[in-house]
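Please read the structure below before turning to the comments.
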Amino acid sequence: MLFRSKIYLVADESVRASRRQAERPGIGADALATDLKLRDEADSARMQAAPDAIEIDTTSLTIDDVLDRIEALVHARAGIA
């Protein structure tokens with residue numbers, strides 16, 4: 001059985017900034033703001049949610065939570081209990 005589904009991850013801007021700061025602890029506030037702005041501009045130009053994509057808001061989720069949700073979607077689509 002072939003499973004095809006599109007998943008689009010989103011998060012609040014402040015949470016994305018905190019996560020980016022954790023990835024780059026030495027970056028200053030101004031550089032972080034510029035980095036996020038440039039990343040958002042690049043992403044918005046090439047990454048749009050497909051009309052049939054399932055959106056997952058990761059704002060309050062851990063990586064494991066996100067993986068659990070994706071796994072649950074796969075199981076639901078595949079008819080796995």
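On a predicted model such as this, the values are computed, not experimentally measured, just so you know.
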Apart from Leu67 itself, what residues make up its hydrophobic cluster when side-chain heavy atoms of I, L, V, M, F, W and Y under 4.5 Å apart count as a link, directly or indirectly?
Ile63
Linking I/L/V/M/F/W/Y whenever their side-chain heavy atoms sit closer than 4.5 Å, directly or via other members, would Leu61 and Ile70 fall into one cluster?
yes
Tell me whether the count of non-hydrogen atoms from other residues, nucleotides or ligands lying under 6.0 Å of CD in Glu23 goes above 12.
yes
Start with the C-alpha distance between Leu73 and Arg69, add both sets of side-chain angles, then the distance that settles side-chain contact (heavy atoms from CB on, under 4.5 Å), and finish with yes or no.
CA-CA 6 Å; Leu73 289 169; Arg69 292 211 181 169; 5.6 Å; no
Is Asp65 reaching over with its side chain to a backbone N or O of Thr62, donor-acceptor style, under 3.5 angstrom?
yes
Calculate, to the nearest 0.5 Å, the distance between atoms [atom1] and [atom2] belonging to [X] and [Y] respectively.
X     : Y     : atom1 : atom2 : answer
Leu36 : Ile27 : CG    : CD1   : 7.5 Å
Asp40 : Arg16 : CG    : CZ    : 4.0 Å
Arg19 : Thr58 : CZ    : OG1   : 4.0 Å
Arg20 : Leu32 : CZ    : CG    : 8.0 Å

Show every donor-acceptor pair shorter than 3.5 Å between a side-chain atom in residues 49-57 and any protein atom, with sequence neighbours excluded, or say none if there are none.
unit_1	atom_1	unit_2	atom_2	d
Asp52	OD1	Lys6	NZ	3.1
Asp52	OD2	Lys6	NZ	2.8
Asp57	OD1	Thr59	N	2.9
Asp57	OD1	Thr59	OG1	2.5

I would like to know whether Glu41 and Lys37 meet salt bridge (Lys or Arg N to Asp or Glu O under 4.0 Å); could you show each step before the answer?
CA-CA 6 Å; Glu41 287 172 358; Lys37 182 177 182 255; 3.3 Å; yes
